[in-house]
Number of protein chains: 2
Amino acid sequence: MQTSTSFGEIVKALREARQLPLREVADALQIDTSMLGKIEKNSRRPSRKLIEKFAAFFGVSEKNLRVAFLSDLVAHQAMDEEDVAGEVLKVAEEKVAYLKNNKKREQ
Amino acid sequence: MQTSTSFGEIVKALREARQLPLREVADALQIDTSMLGKIEKNSRRPSRKLIEKFAAFFGVSEKNLRVAFLSDLVAHQAMDEEDVAGEVLKVAEEKVAYLKNNKKREQ
DNA sequence: CATGGCTTGGACAACTTCAGTCCAAAACTA
DNA sequence: TAGTTTTGGACTGAAGTTGTCCAAGCCATG
């Protein structure tokens with residue numbers, strides 16, 4: 001699997017590998033067929049709960065799915081200012097490190 | 001200036017370095033005093049237009065302010081799932097590179 | 001070509017989120 | 001104590017989102 005694969009593409013690939021129609025997967029996850037189709041096209045976002053269901057249903061790592069989903073969001077947010085997207089992510093990393101540190105000390 | 005400085009902290013530092021009260025800066029930028037106070041506390045987000053005004057008013061790099069602001073957003077979004085925040089940013093970088101590539105080819 | 005299931009996407013209502021403002025209380029200064 | 005600054009609660013209107021319903025398009029197979 002490529003790393004630059006959107007959450008929707010991953011879910012679609014998993015479904016097609018099992019040769020299941022949207023309807024069946026949607027039923028299993030208790031969502032609308034149309035909703036699932038949109039998630040696969042990245043035009044609707046899965047809730048965290050739904051990501052868990054995907055992981056359970058397809059038997060894949062929930063953590064990986066969460067990373068795939070969140071990195072989509074983050075990447076697109078960074079691309080809001082395309083010219084500085086790379087720098088934004090670099091600085092964000094420093095901030096994350098800083099925030100994690102702070103949290104530790106608060107405990 | 002530290003790199004892990006929030007947008008609000010930067011703005012506040014700039015204002016205090018000039019010894020200006022919130023009111024004066026707010027008037028210059030044509031926003032509510034309370035709004036500016038909240039922006040300095042990172043509890044309200046500046047619009048892009050406002051970021052431009054900040055840069056112009058304080059005579060600092062607009063790009064730097066945009067990076068500071070967006071990286072705040074991105075860092076906090078990544079921290080929504082603290083346990084995978086680092087990985088999220090790493091994958092997001094790959095996705096950004098990928099998206100930029102795609103855009104180039106489309107031209 | 002007709003019937004069936006599959007996929008796609010527009011329209012919509014319910015809901016959530018958020019910027020921006022107003023106002024009053026608290027904090028500070030002189 | 002008066003005047004100024006800072007803080008934050010409450011609120012409104014605007015914008016965005018979610019999840020669903022429905023209809024049209026698609027593509028197999030009989």
Side-chain angles (χ1 to χ4, degrees), chain A residues 5-58 65-66 68-81, chain B residues 5-58 65-66 68-81:
Chain A
T5 306
S6 71
F7 182 84
E9 285 167 343
I10 291 172
V11 166
K12 183 172 188 181
L14 286 168
R15 180 177 61 82
E16 292 185 337
R18 286 158 182 72
Q19 307 200 57
L20 300 172
L22 286 169
R23 184 187 43 75
E24 266 189 62
V25 177
D27 285 355
L29 307 191
Q30 311 186 66
I31 57 175
D32 193 90
T33 302
S34 181
M35 181 73 186
L36 179 55
K38 282 163 190 166
I39 288 173
E40 289 191 353
K41 290 187 150 47
N42 301 305
S43 73
R44 283 293 188 286
R45 298 175 189 181
S47 65
R48 161 116 203 208
K49 195 76 197 158
L50 197 50
I51 292 177
E52 287 168 22
K53 286 187 181 178
F54 274 120
F57 181 79
F58 288 122
L65 284 189
R66 272 164 46 212
F69 170 66
L70 242 199
S71 61
D72 276 2
L73 291 190
V74 165
H76 282 101
Q77 186 153 60
M79 287 294 284
D80 281 356
E81 308 258 9
Chain B
T5 305
S6 70
F7 182 85
E9 286 168 341
I10 291 172
V11 166
K12 184 172 187 180
L14 287 168
R15 180 176 61 82
E16 292 185 336
R18 285 157 183 73
Q19 307 200 58
L20 299 172
L22 287 170
R23 185 186 41 75
E24 265 188 64
V25 177
D27 285 355
L29 306 192
Q30 311 186 66
I31 58 174
D32 193 273
T33 303
S34 182
M35 181 72 185
L36 178 56
K38 281 163 190 167
I39 288 173
E40 289 190 354
K41 289 187 150 49
N42 300 303
S43 74
R44 283 294 187 283
R45 298 174 189 181
S47 65
R48 162 119 201 205
K49 196 76 196 159
L50 197 50
I51 292 176
E52 287 168 22
K53 287 188 182 178
F54 274 120
F57 182 79
F58 289 122
L65 284 189
R66 271 163 48 212
F69 170 66
L70 242 198
S71 61
D72 276 2
L73 290 191
V74 165
H76 282 100
Q77 186 154 60
M79 287 294 285
D80 281 357
E81 307 257 9

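A note on names: the letters A, B, ... follow the listed sequences, proteins ahead of strands, and every chain is numbered from 1. Since we're looking at a predicted model, the values are computed, not measured.
If you check every strand for non-hydrogen atoms under 4.0 Å, B/Arg15 touches sugar and phosphate atoms only.
Remark: the backbone N or O of A/Gly8 is paired with a side-chain donor or acceptor of A/Asn42 at under 3.5 angstrom.
Taking atom CZ of A/Arg23 as the reference point, atom P of D/dC27 lies 19 Å away to the nearest angstrom. Regarding A/Glu40, its CD atom lies at a distance of 14 Å from the C1' atom of C/dG9, rounded to whole Å. With rounding to whole Å, A/Lys41 atom NZ is found 3 Å from C/dT8 atom P. Computed from coordinates, the B/Leu20 CG to D/dT6 C1' distance equals 15 Å when rounded to whole Å. Rounded to an integer number of Å, the gap from CD of A/Gln19 to C1' of C/dC6 is 14 Å. Per the geometry, CG belonging to B/Leu22 stands 16 Å off P belonging to C/dA27, to the nearest Å. One atom, CG of B/Asn42, and another, P of D/dT7, lie 13 Å apart when rounded to the nearest Å. Note: CG (A/Leu36) to C1' (C/dC6) measures 12 Å, nearest angstrom.
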Kindly give the atom pairs (protein nitrogen or oxygen, nucleotide nitrogen or oxygen) under 3.5 Å for nucleotides 19-24 of chain D.
residue: D/dG19; atom: N7; partner: A/Arg44; partner atom: NE; Å: 3.1
residue: D/dG19; atom: O6; partner: A/Arg44; partner atom: NH2; Å: 2.7
residue: D/dT20; atom: OP2; partner: A/Asp32; partner atom: N; Å: 3.4
residue: D/dT20; atom: O4; partner: A/Lys38; partner atom: NZ; Å: 2.8
residue: D/dC21; atom: N4; partner: A/Ser34; partner atom: OG; Å: 3.2

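Salt bridge annotation for A/Lys49-A/Glu52: present, with a cationic side-chain nitrogen under 4.0 angstrom from a carboxylate oxygen.
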(message) Would B/Ile10 and B/Phe69 count as a side-chain contact (heavy atoms from CB on, under 4.5 Å) here? Give the steps.
(response) CA-CA 10 Å; B/Ile10 291 172; B/Phe69 170 66; over 6 Å; no
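Of the residues A/Thr33, A/Leu20, A/Ile31, the one that meets the side-chain contact (heavy atoms from CB on, under 4.5 Å) test with A/Val25 is A/Leu20.
In this view, B/Lys38 and B/Ser34 satisfy the side chain to side chain donor-acceptor pair (under 3.5 Å) rule, not counting sequence neighbours.
Inter-residue side-chain proximity for B/Leu73 and B/Arg45 is flagged as met; some heavy-atom pair is nearer than 4.5 Å.
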